[in-house]
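Atoms considered below: every heavy atom in the structure, side chains included; atoms not considered: hydrogens, waters and symmetry mates. We name chains A, B, ... by the order of the sequence lines, and we start the count at 1 in each one.
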There are 2 protein chains.
Amino acid sequence: MTRKPPSASVTLEDVARVAGVSRATVSRVVNGRATVDPALRSVVEQAIAATAYVPNRAARSLVTGSTGSIALVVSEEGRQTAQRHPADETHPSFAGRIFTDPFFGRVVGGVMGEIRPRGVQMVLLLVDDEQSRRQLLNYLRQGHVDGVVLISTHAEDPLPEWLADARVPAVMSAQPVRPVPIGWVEVDQRGGVGLAVDHLVAGGRRRIATVTGPLDTPAARERLAGFRERLAGHGLAPAAEVEGDFTQAGGAVAMRRLLELAPKADAVFVASDLMALGALPVLHRSGRRVPADVAVVGFDDSSAALACDPPLTTVRQPVEEMSARMVRLLLDRLADPAAEPLSAWFSASLVVRDSA
Amino acid sequence: MTRKPPSASVTLEDVARVAGVSRATVSRVVNGRATVDPALRSVVEQAIAATAYVPNRAARSLVTGSTGSIALVVSEEGRQTAQRHPADETHPSFAGRIFTDPFFGRVVGGVMGEIRPRGVQMVLLLVDDEQSRRQLLNYLRQGHVDGVVLISTHAEDPLPEWLADARVPAVMSAQPVRPVPIGWVEVDQRGGVGLAVDHLVAGGRRRIATVTGPLDTPAARERLAGFRERLAGHGLAPAAEVEGDFTQAGGAVAMRRLLELAPKADAVFVASDLMALGALPVLHRSGRRVPADVAVVGFDDSSAALACDPPLTTVRQPVEEMSARMVRLLLDRLADPAAEPLSAWFSASLVVRDSA
DNA sequence: CTGAAAGCGCTAACAT
DNA sequence: ATGTTAGCGCTTTCAG
């Protein structure tokens with residue numbers, strides 16, 4: 001049987017022949033096993049260089065059962081954005097939104113920084129509906145990656161459960177709503193918002209309103225709860241609460257509505273920097289000065305905070321550290337699959353700039 | 001030899017045993033080959049369902065030599081951004097910039113729309129320096145993906161050549177600077193800018209300036225060339241030319257400089273929507289009204305154009321169609337590796353909104 | 001310390 | 001139309 005090889009690439013066998021040793025020895029050299037005679041090792045290394053050998057990942061995976069790559073899965077609902085855009089007609093994917101929010105840039109950066117030195121690769125997968133979630137699960141089950149870092153925003157997302165059921169090693173970007181045997185990291189959202197409220201109150205503000213995130217997300221709910229809690233602690237009540245959608249355009253819409261509801265507000269906590277970026281021009285346009293007339297505090301400390309005018313005072317989430325930790329939790333899990341899923345808490349801090 | 005199986009998953013063999021047929025038959029059913037008796041087929045399908053069988057991708061790849069996934073590689077230089085941000089200290093990756101530019105969202109959307117119905121998966125890879133480029137090449141050589149869609153911005157990027165040398169099937173997002181045996185798509189940048197200039201001139205503008213992109217990128221150079229050409233065609237000279245960096249913050253900086261150089265400019269062509277988004281507040285702040293005092297035209301027609309105030313008149317690149325085409329060119333290439341690399345041209349159009 | 005040999009799970013001739 | 005069988009390229013016992 002002389003079937004044409006799928007790719008005419010150099011194999012371990014070829015290297016072994018050139019080096020005059022066995023496949024096993026070459027394999028040991030390639031994988032850095034200690035038990036190889038230095039002399040032989042260098043012969044093999046030369047042969048590898050001479051033949052431009054590159055190990056075949058599929059073959060290796062087949063026998064080792066692992067792939068050396070992990071998936072970064074961003075899971076959202078495929079809901080409509082506030083504004084229609086020609087681009088949205090062509091493809092219903094939410095890629096556009098993901099790629100507009102600097103928050104995700106920080107996540108990816110944190111993951112990359114952690115995996116790059118280890119030679120692990122990242123596969124980015126976006127899912128936003130039933131079909132894509134099923135496809136994802138199928139993909140994962142086929143063993144294309146060793147595990148997943150899951151960024152999931154919505155409370156109803158079935159993915160955490162599905163992943164657990166499918167025994168796919170995974171770590172989540174937030175504590176799952178229902179108990180699931182999966183690791184996660186979480187930031188103290190309430191505490192962070194508390195810092196913001198304290199700062200506003202200390203600055204003499206009393207009529208404090210908020211633009212929330214989409215309230216079907218735990219993050220938005222936590223931030224709102226923290227806002228109310230701390231305000232109450234100061235003996236104050238919210239001047240207004242308007243729901244936004246974590247987008248820039250949505251922030252503008254929400255702020256317009258907020259000014260109708262609470263024209264005398266002297267401070268606004270906006271639950272994400274990106275929304276604040278959209279909200280600030282609305283304030284300016286209404287004739288209000290920031291921070292003189294209205295103080296604004298954001299949340300995230302993403303690059304959007306610096307794109308704001310004036311630069312935004314904001315609650316900083318240590319996103320890079322959190323995503324780096326997710327990677328480490330995942331890799332630990334992969335190294336010892338029997339271990340219990342571990343989790344980690346982070347605290348937020350206040351970054352004071354010019355807007356409050 | 002009773003080695004522990006790497007993953008205790010169901011194999012073709014198991015299904016065959018349950019169904020009482022041979023592995024080959026199960027394989028045929030799984031792969032939808034026609035030559036299977038309907039009765040047997042349904043027996044096999046039940047066995048598959050009963051055992052929750054999922055094909056092992058590594059094994060399949062090993063024998064077929066293909067993986068069913070492609071890489072979307074975004075390659076840039078790891079240069080500093082205009083503004084420093086805490087996030088930048090933690091990781092020098094350019095993930096932040098990528099995830100801040102809605103342009104890339106359109107690219108990803110276009111790719112996804114094309115591959116999803118075919119069941120092909122996308123792996124997103126970001127490279128921004130020598131090391132990451134080498135790692136990338138290694139990854140690709142290991143056969144993890146079947147081919148690559150390459151988004152490369154800089155003229156000096158060695159990746160196109162490297163990919164060609166490594167025989168990695170690839171399609172580029174622009175015509176390579178030096179001739180490389182690789183497929184590409186290209187938009188008529190000059191023609192597009194010409195539309196913008198014509199529109200401004202038709203609107204009575206005569207003192208027209210521009211904020212360019214980073215001039216080490218062919219795209220920025222083409223747009224500038226188109227700008228000069230068409231302006232000359234109208235008997236005009238540029239009121240000013242200031243180099244930007246395709247970021248929002250960079251757009252603001254450039255616009256400030258431009259107003260110093262050409263305070264009397266009555267129109268500005270900004271070479272990307274994202275830069276325009278940064279430039280507009282600078283104009284407002286200087287007391288100029290848009291479009292009454294200064295008309296502004298952008299480039300891309302990304303979601304940033306709608307985030308602008310007023311909504312931005314801009315040159316539309318058919319980014320989704322272009323990236324979809326890249327995918328198709330790549331898949332065609334994979335289907336027939338012997339075929340010549342094909343390419344495609346697209347034309348730009350003017351989307352008139354309120355800023356000019 | 002090195003080599004021989006047995007598979008990992010799958011596909012695709014080839015034979016029936 | 002179905003079964004038999006030979007590998008794909010690699011890692012890893014097990015002998016020596």
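- To the nearest angstrom, C1' of C:dT2 lies 13 Å from CZ of A:Arg41.
- Distances from the side chain of B:Thr25 to the nucleotides D:dG3, C:dT2, C:dA5 place D:dG3 closest.
- For B:Leu40, taking side-chain heavy atoms from C-beta onward, the closest of the listed nucleotides D:dT2, C:dG9, D:dC10 is D:dT2.
- Here the side chain of A:Leu62 is nearest to one of D:dT2, C:dG9, C:dC10, namely C:dG9.
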Worksheet item: Going through the distances and angles, do B:Thr35 and B:Arg28 end up as a side-chain hydrogen bond (donor to acceptor under 3.5 Å, both in side chains)?
Response: CA-CA 8 Å; B:Thr35 63; B:Arg28 286 179 188 115; 4.5 Å; no
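- Dashed line: the shortest gap from a side-chain N or O of A:Arg33 to OP1 or OP2 of D:dT12 is under 4.0 Å.
- Here the C1' atom of nucleotide D:dG9 and the OH atom of A:Tyr53 are 7 Å apart, to the nearest Å.
- Here the side chain of B:Ala24 is nearest to one of C:dC10, D:dG3, C:dA5, namely D:dG3.
- Between A:Ser22 and the phosphate of C:dT2, there is no side-chain N or O to OP1/OP2 separation shorter than 4.0 Å.
- Residue B:Ser27 has no polar side-chain atom (N or O) positioned under 4.0 Å from OP1 or OP2 of C:dC10.
- Distances shown here put a side-chain N or O of B:Asn31 below 4.0 Å from the OP1 or OP2 atom of C:dT11.
- When each of B:Ala58 and B:Arg28 is assigned the nucleotide of DNA chain C with its nearest heavy atom, B:Ala58 is the one assigned upstream, toward the 5' end.
- Ring-plane geometry between A:His144 and A:Tyr139 is classed as parallel, the angle between the planes falling under 30 degrees on a 0 to 90 degree scale with a further cut at 60.
- Distance, A:Arg60 CZ to D:dT11 C1': 9 Å, rounded to whole Å.
- Across C:dG9, C:dC1, D:dT11, the shortest atom-to-atom separation from the side chain of A:Leu12 is found for D:dT11.
- Rounded to whole angstrom, the span from the CZ atom of A:Arg23 across to the P atom of C:dA5 amounts to 10 Å.
- Distance alone, capped at 3.5 Å, places no donor-acceptor pair between the B:Thr25 side chain and the B:Val21 backbone.
- Of the possible polar contacts, none joining the B:Ser69 side chain to the B:Gln121 backbone as a donor-acceptor pair under 3.5 Å is found.
- Between B:Thr11 and C:dG9 there is no side-chain polar atom (N or O) within less than 4.0 angstrom of OP1 or OP2.
- Using a 4.0 Å heavy-atom cutoff across all strands shown, A:Val30 reaches no nucleic acid atom at all.
- Going from atom CG of B:Asn56 over to atom P of D:dG9 covers 17 Å, rounded to whole Å.
- When rounded to the nearest whole Å, the span between CZ of A:Arg17 and P of C:dA4 equals 14 Å.
- Using modelled atom types, no side-chain atom of B:Asn138 and backbone atom of B:Arg134 make a donor-acceptor pair closer than 3.5 Å.
- With C:dC8, C:dC10, C:dT2 as the candidates, the nucleotide lying closest to the side chain of A:Asp37 is C:dT2.
- Within the 4.0 angstrom heavy-atom criterion, only backbone atoms of the sugar-phosphate kind lie near A:Val21; the bases stay farther away.
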